[in-house]
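Worksheet: the structure to be examined is printed underneath.
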Amino acid sequence: MIIKGDIIYTEKKEGYIVYENSYLVAENGIIKGIYKNLPEKYKKKEIIDRTGKLIIPSFTDIHLHAPQYLNRGVGTDRELMDWLRIYTFPEEEKFGNIKYAEKVWKSLINELWECGSLHSVIFSSIHEKATEKLIELFIESGMSAYIGKVNMDRNTNDTYFENVEKGMEATENLIKKYEGISEKVKTIITPRFAITCNEKSLKKQGKLSKKYKIPVQSHLNESFGEIEFTMSLFPQYENYSDIYNKNGLFGENGEPSIMAHCIHNKEEEVKLIKKNNVYPVHCPESNANLISGIMDVRSFLDMDVPVCIASDISGGHSLFLPKQIVLGVQLSKMKARFENNLSKVIKNSEAFYMATKNPGSFFGKTGSFEKGYSADFLVINIENIIMDIEKRTVEEKLEKWLYIGSEKNIEERYIKGEIIEKPFRN
């Protein structure tokens with residue numbers, strides 16, 4: 001397939017690559033090249049003409065909680081631990097009702113589609129059947145995801161937890177049931193965080209990751225209260241990261257691990273994140289809403305750690321990743337000013353890189369337009385943002401859309417060169 005438009009993406013964190021009024025060519029869903037002038041061998045092929053529109057890589061939302069979808073914008077005056085107890089656990093418990101779960105899952109998937117997040121990494125609830133339904137609906141949607149049944153056996157509400165054996169049995173059932181079923185939708189090991197999993201559970205989850213070569217997602221160093229509580233439960237470990245690492249959940253099995261937040265890190269933890277190729281995830285809205293702090297994104301970027309940016313609903317309240325990109329940049333500016341160190345500021349292109357190529361690498365080759373990458377992209381109409389009297393570069397057009405545009409500007413969504421329609425109509 002060949003599509004023409006204003007093509008912009010990032011290969012590296014240092015800046016955008018721009019091809020104005022050019023052709024993106026893919027064969028069998030894989031990018032072959034970008035051309036200002038179309039080579040002779042392609043000139044007789046059908047061309048999708050999107051002249052004047054932006055063509056960008058699709059977004060990857062690498063950290064979000066599906067059963068918290070209806071809680072967005074609720075409880076934002078609470079800090080993390082109270083927020084979990086009062087709002088989050090009671091809502092997630094409702095997903096024992098499969099009809100309730102299905103209705104929420106369809107709305108969530110539709111909104112991810114609307115927002116251009118065609119790849120995502122998702123926490124489900126503790127419920128095996130609800131997680132099955134979420135996996136099956138994603139397969140039906142044509143979108144791509146890693147989905148994990150949450151494991152938690154302590155320090156939750158009185159009625160929302162499970163014993164370790166039941167949780168591990170359900171987790172392994174899901175791994176076996178969906179292994180090899182879909183190229184796009186896969187399972188992921190999901191300890192909620194160390195506070196809600198005893199050491200036996202963590203060890204068993206680490207063993208499952210190693211046995212089935214399954215990646216891991218969890219949370220790390222989000223708030224001061226969380227860290228203090230965690231270390232009171234695991235005094236025999238050196239730090240929060242050490243708990244995951246010594247239980248096979250921190251990338252050391254050869255399978256990647258995603259750790260959301262990573263705000264209040266010790267120096268030795270940062271070194272371990274780098275060494276084990278862990279994906280730290282910046283969640284700007286969530287961290288602001290729950291008064292958690294601001295990730296030192298610059299340090300991770302400078303170390304070439306695959307740091308990403310994500311919605312983290314419902315700590316965050318918007319699935320539209322451009323909002324996270326913009327707030328991530330703004331928070332870096334606040335951090336830089338308060339610490340009197342302007343080198344901490346991250347650029348728009350770096351935050352865009354953190355929402356496309358870096359998280360896309362978790363899925364393989366997506367999130368960029370380099371040769372050999374999957375042709376996963378969005379077509380964006382910016383007519384309502386850019387007046388005809390404005391003379392803007394392609395980079396400026398993208399920046400304006402990130403700051404003042406919306407998901408309504410996204411006209412088309414593609415995975416492997418095939419258009420993805422809205423998944424669910426009812």
Side-chain angles (χ1 to χ4, degrees), residues 1 3-10 16-24 34 48-61 64 72 107-120 141-144 284-285 309-311 313 316-330 347-349 351-357 359-360 366-369 375-415 417-425:
M1 61 90 67
I3 188 165
K4 182 184 181 184
D6 292 334
I7 300 162
I8 181 168
Y9 65 104
T10 53
Y16 292 112
I17 294 176
V18 178
Y19 290 85
E20 187 173 8
N21 197 31
S22 297
Y23 301 87
L24 179 70
I34 303 172
I48 302 169
D49 190 352
R50 299 295 182 260
T51 300
K53 298 177 182 180
L54 295 175
I55 299 173
I56 70 169
S58 60
F59 295 118
T60 294
D61 194 342
L64 65 108
R72 289 170 303 155
S107 293
L108 167 70
I109 293 169
N110 275 349
E111 189 161 345
L112 284 167
W113 175 88
E114 289 167 359
C115 292
S117 292
L118 304 185
H119 302 76
S120 49
S141 77
M143 293 160 60
S144 180
E285 269 186 0
I309 204 162
S311 68
I313 64 164
H317 53 271
S318 173
L319 281 167
F320 188 49
L321 281 189
K323 288 189 175 181
Q324 310 301 335
I325 289 170
V326 170
L327 183 56
V329 171
Q330 292 170 329
K347 299 185 295 185
N348 290 304
S349 60
F352 184 82
Y353 178 79
M354 291 165 58
T356 53
K357 185 171 180 180
T366 185
S368 180
F369 291 149
D376 305 341
F377 59 89
L378 312 175
V379 177
I380 301 167
N381 187 337
I382 53 172
E383 288 179 351
N384 69 322
I385 298 172
I386 307 293
M387 294 181 65
D388 57 9
I389 58 174
E390 289 185 74
K391 303 299 179 184
R392 299 292 183 188
T393 65
V394 174
E395 186 172 330
E396 289 170 338
K397 290 176 182 178
L398 175 60
E399 185 177 2
K400 286 198 73 171
W401 177 66
L402 293 174
Y403 274 77
I404 65 173
S406 75
E407 62 273 21
K408 293 181 175 62
N409 296 106
I410 305 174
E411 287 192 339
E412 296 171 321
R413 301 144 181 90
Y414 291 79
I415 292 182
E418 298 289 338
I419 198 160
I420 303 294
E421 301 289 356
K422 187 173 184 178
F424 304 108
R425 297 294 176 177

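If you read the sequence from its start, that first residue is 1, and numbering goes on from there.
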>> Rounded at 0.5 Å granularity, tell me how far CH2 in Trp401 sits from CD1 in Ile382.
In response: 10.5 Å
>> Looking at every heavy atom in both Met143 and Pro423, which two are closest together, and how far apart are they?
In response: SD-CG, 4.0 Å
> With under 30° as parallel and over 60° as perpendicular, where do the rings of Tyr9 and Tyr19 fit, or are they tilted in between?
Replying inline: parallel
>> If you compare all heavy atoms of Ile309 against all heavy atoms of Ala355, which two are closest, and at what distance to 0.1 Å?
In response: CG2-CB, 3.5 Å
> Would you say the side chain of Ile17 lies within less than 4.5 Å of the side chain of Ile34, judging by non-hydrogen atoms?
Replying inline: no
> For Asn348 and Tyr16, does a side-chain donor sit closer than 3.5 Å to a side-chain acceptor?
Replying inline: no
>> As an exercise, state the distance from CD of Glu412 to CD1 of Ile48, rounded to the nearest 0.5 Å.
In response: 7.0 Å
> What orientation do Phe377 and Tyr414 show, parallel under 30°, tilted 30 to 60°, or perpendicular over 60°?
Replying inline: parallel
> When you look at CD of Glu383, are more than 12 heavy atoms from neighbouring residues, nucleotides or ligands closer to it than 6.0 Å?
Replying inline: no
> Shortest non-hydrogen contact from Lys357 to Thr10?
Replying inline: CD-O, 3.8 Å
>> To the closest 0.5 Å, what do you measure between NZ (Lys400) and CD (Glu395)?
In response: 14.5 Å
> So does Lys397 have more than 12 non-hydrogen atoms from other groups sitting under 6.0 Å from NZ?
Replying inline: yes
> Between Glu390 and Arg392, which heavy-atom pair has the shortest distance, and what is it?
Replying inline: OE1-NE, 2.7 Å
>> Could you go through Leu378 and Leu118, starting from their C-alpha distance and side-chain angles, then the distance that decides it, and tell me whether this counts as side chain to side chain contact (heavy atoms under 4.5 Å, CB included)?
In response: CA-CA 9 Å; Leu378 312 175; Leu118 304 185; 4.3 Å; yes
>> Apply side chain to side chain donor-acceptor pair (under 3.5 Å) to residues Asp61 and Ser311 and explain how you reach the verdict.
In response: CA-CA 7 Å; Asp61 194 342; Ser311 68; 2.6 Å; yes
>> If we ignore hydrogens and angles and just use 3.5 Å, is the side chain of Glu407 paired with the main-chain N or O of Glu114 as donor and acceptor?
In response: no
> Just by distance, do the side chain of Arg413 and the backbone of Trp113 share a donor-acceptor pair under 3.5 Å?
Replying inline: yes
> Any donor-acceptor pair under 3.5 Å linking the side chain of Gln324 with the backbone of Ser318?
Replying inline: yes
> How far does OG1 of Thr356 sit from CZ of Phe59, to the nearest 0.5 angstrom?
Replying inline: 7.5 Å
> Does Asp6 reach the main-chain N or O of Asn21 with its side chain, forming a donor-acceptor pair under 3.5 Å?
Replying inline: yes
> Roughly how far, to the nearest 0.5 Å, is CD1 of Ile8 from CD of Glu399?
Replying inline: 9.5 Å
>> If I compare all heavy atoms of Phe352 with all of Pro57, which pair ends up nearest, and what's the gap?
In response: CZ-CD, 4.1 Å
> Is the shortest heavy-atom distance from the side chain of Leu64 to the side chain of Ser120 under 4.5 Å?
Replying inline: yes
> Do side-chain atoms of Asn110 reach the backbone of Phe424 as a donor and acceptor pair under 3.5 angstrom?
Replying inline: yes
> Nearest heavy-atom pair of Ala351 and Val329: which atoms, and what distance?
Replying inline: CB-CG2, 3.8 Å
>> Quick one, Lys323 and Leu327 - any side-chain contact, counting heavy atoms below 4.5 Å?
In response: no
>> I want to check something: taking the side chain as every heavy atom from C-beta on, are Asp376 and Thr366 in contact at a cut-off of under 4.5 Å?
In response: yes
>> Between Lys53 and Glu411, does any side-chain N to carboxylate O distance fall below 4.0 Å?
In response: yes
>> Just verifying a value: how many Å separate Leu321 CG and Met354 CE, rounded to the nearest 0.5 Å?
In response: 11.0 Å
